[in-house]
2 protein chains.
Amino acid sequence: MTTTRKITSLDVAKRAGVSRSAVSRVFTPGASVSERTASKVREAANALGYRPNVLARAMLTGKSKIIGLVVAYLDNHFYPTVLELLSEALEREGYHVLVFMAAHSADDVEDVVSQILDYQVDGLILASVSLSSDLANRCRASGVPVVLFNRKLEAEGELAVVSDNRMGGRLAAEHLISLGRTRIGHIAGWEGASTQRDREAGFMEGLRAAGLGLFAREVGDYRLPRAKEAARRMFDTPDRPDAVFVANDYMAFGVMDVLRSELGLRVPDDVALIGFDDVPSAAWPAYSLTTIRQHAEAMVTTAVEALLSEIGGTEVTSPAPLPVTLIRRGSA
Amino acid sequence: MTTTRKITSLDVAKRAGVSRSAVSRVFTPGASVSERTASKVREAANALGYRPNVLARAMLTGKSKIIGLVVAYLDNHFYPTVLELLSEALEREGYHVLVFMAAHSADDVEDVVSQILDYQVDGLILASVSLSSDLANRCRASGVPVVLFNRKLEAEGELAVVSDNRMGGRLAAEHLISLGRTRIGHIAGWEGASTQRDREAGFMEGLRAAGLGLFAREVGDYRLPRAKEAARRMFDTPDRPDAVFVANDYMAFGVMDVLRSELGLRVPDDVALIGFDDVPSAAWPAYSLTTIRQHAEAMVTTAVEALLSEIGGTEVTSPAPLPVTLIRRGSA
DNA sequence: CAGTCTCGTGCAAACGCATGCAGTGAGGGA
DNA sequence: TCCCTCACTGCATGCGTTTGCACGAGACTG
């Protein structure tokens with residue numbers, strides 16, 4: 001086993017007949033180097049296959065160029081999409097994403113964030129995870145900017161990027177009402193999430209504006225099995241809703257499966273269904289799910305922008321909630 | 001803005017009245033420290049909120065405890081699943097995953113891997129991406145173990161974790177044949193991928209064993225739009241197949257959509273459909289896709305095991321292809 | 001031609017930690 | 001009592017960079 005020694009800037013320096021500082025400067029954009037030495041160094045570096053050690057640089061500059069991403073589950077297709085966009089956007093800015101999976105429990109998040117901080121990440125994105133406020137303080141104490149993605153914290157002035165969930169809920173209500181539905185139900189997500197609260201608040205607002213109340217309500221916790229059980233409880237009765245707003249697409253798929261496959265109900269004839277997110281598969285003909293679209297690209301762009309500003313030292317306030325759009329498809 | 005100074009092992013040492021070495025040893029499992037100083041140090045560390053800097057440790061020990069993961073696209077639900085399992089498995093071993101998105105093109109992979117190596121990753125997992133052999137050499141020269149996931153490289157002795165794709169293809173053929181189908185087609189994935197070649201080879205084997213040939217063949221490149229086009233070409237004709245093996249589930253969904261929604265064909269009555277992977281949504285009633293299951297957990301476990309052994313210095317050879325299973329559902 | 005500026009370069013000091021080595025003290029056996 | 005052993009601890013060095021500082025050489029200016 002030929003243990004190839006690690007090549008350092010010193011090796012390059014010797015070969016190019018210059019000092020370590022010179023090679024360093026060649027690889028530091030905006031540093032003062034003559035074209036002559038630069039080319040000598042580049043040549044030597046190529047010959048030796050040298051690339052600066054990011055970790056060593058990180059220690060000195062305090063900037064690791066890595067962003068921690070905490071995400072709870074990837075089975076909801078919204079998050080893989082986000083992860084992909086996020087990673088691409090950050091790579092474009094010279095950063096990379098260190099992934100941390102967190103289970104639901106809050107103490108787990110606590111633990112996970114500690115681990116992240118060990119890596120001296122330059123910033124932190126918490127997607128679909130609730131953050132205790134003292135944890136937020138810990139991060140701030142460590143000087144690590146945090147942005148909450150698709151979730152917000154009522155109390156503190158935490159940086160949070162969210163869609164206009166309230167408006168989304170309202171649009172959902174208005175659309176169902178415009179269809180002439182009157183017995184309208186709601187299958188909620190996890191009630192600890194701000195998204196859930198806002199979506200439901202907007203939805204209720206929309207119902208009230210039309211003089212309607214909620215016909216039925218169940219909780220699905222943003223989980224597929226839970227959502228299916230919720231659907232069974234809500235619909236396996238003669239006196240059932242004729243429309244339902246499901247708090248996200250992922251659950252809506254499960255609900256639609258129960259309605260059509262288990263209960264023999266027709267969508268949208270017997271019951272109209274509307275979701276939230278507009279994940280790619282919502283457009284697939286097998287579901288053709290009417291939904292409220294969250295603009296993932298815009299959310300990601302906004303989040304990255306905010307995070308990088310904060311990293312750059314600019315004090316940033318939470319951007320306004322991003323607009324959502326009603327996407328009409330076959331289910332409502 | 002209260003810029004909280006970063007707390008180092010020296011701060012802890014001072015507060016505990018010991019030397020930096022002592023602090024270091026407390027956080028190094030297996031080092032020689034008395035219980036008395038250990039508790040003093042731990043107390044001080046907690047009070048100050050100290051945690052060892054992983055990067056600094058990485059420089060010294062040469063082990064960064066981070067694993068690079070290169071993945072091309074996350075819209076195929078197989079990969080988010082894998083990412084989740086992989087991250088969890090590695091976290092259990094004290095590692096974390098640095099994600100790199102790579103487009104299809106080989107030169108992009110080249111570039112991406114260079115970037116990864118800058119981070120001094122302890123290992124590299126390439127999922128759904130092909131590795132040029134000189135790139136493999138570069139990695140080996142840097143002393144970074146690499147394992148290919150769900151892809152293999154014919155030429156070199158690269159470490160690769162794959163399912164028994166050949167057997168999977170064969171199972172698919174046998175199942176369709178057992179259903180009495182005779183006009184059997186295949187919609188292929190990306191032909192540069194070893195998975196595609198193996199699946200198709202096994203499939204052809206199965207057909208031949210029954211004295212059958214391929215009735216039709218199109219290429220979907222593992223991409224959804226391509227697969228739909230392929231389906232249109234294959235089925236928008238009176239003389240169409242009565243069964244088709246689609247090289248993965250993701251494409252199979254698109255194919256089924258085209259068959260049912262665009263062409264008004266019934267699955268499985270008019271045409272039987274079988275996929276590959278068994279992603280979670282294959283089980284959803286709206287598709288109820290018969291498929292060849294790849295055991296993602298087993299693949300991940302195997303990959304992690306192999307990678308860690310290699311990191312540990314043990315010379316490892318590629319594990320045997322992992323078994324696959326036929327999952328019968330409604331589509332065939 | 002002297003003075004001033006600019007540009008390019010090398011030196012050396014950090015960054016935060018791990019670890020070999022030597023030294024301390026306590027305990028135990030003879 | 002003396003010496004050896006052993007568990008523990010501190011010192012100092014090094015990991016691969018970046019960067020402030022000083023210095024030398026030209027290039028300009030007047």
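Labels below follow one simple rule: chain letters A, B, ... track the order of the sequence lines, proteins then strands, and each chain is numbered from 1.
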- Would B:Y222 and B:Y73 count as a close aromatic pair, with their ring centres under 6.0 Å? no
- Query: Which is true for A:S32 with a 4.0 Å heavy-atom rule: it touches a base, it touches only sugar-phosphate, or it touches nothing?
  - Reply: base
- Would you indicate what B:V18 reaches in the nucleic acid, counting non-hydrogen atoms under 4.0 angstrom: base, sugar-phosphate, or nothing? sugar-phosphate
Nucleotides 22-26 of chain C: which of its N/O atoms have a protein N/O under 3.5 Å away?
none

- Axis-to-axis angle for the helix from C:dC1-D:dG30 to C:dA30-D:dT1, ends of five pairs each, to 10°, equals 40°
Can you check the [X] [atom1] to [N] [atom2] distance for me, whole Å?
X	N	atom1	atom2	answer
A:Y119	C:dG16	OH	P	19 Å
B:L10	C:dA14	CG	P	13 Å
A:D118	C:dA18	CG	C1'	16 Å

- Task: Determine: side-chain N/O of B:S24 to OP1/OP2 of C:dA18, distance under 4.0 Å, yes or no.
- Result: yes
- A:S34 side chain N/O closer than 4.0 Å to the phosphate oxygens (OP1, OP2) of C:dT9? yes
Which protein N or O atoms sit under 3.5 Å from an N or O of nucleotides 11-13 of chain C?
from: C:dC11; atom 1: N4; to: A:S21; atom 2: OG; distance (Å): 2.9

- Message: Short of 4.0 Å, heavy atom to strand atom, which residues of residues 49-58 of chain A count as contacting DNA chain C?
- Response: none
- Along DNA chain D, 5' to 3', what are the outermost nucleotides having an atom less than 4.0 Å from a heavy atom of chain A? D:dG16 to D:dG20
- Task: Name all residues meeting the salt bridge (Lys or Arg N to Asp or Glu O under 4.0 Å) criterion together with B:D122; count only those two or more places apart in sequence or in a different chain, and write none if there are none.
- Result: none
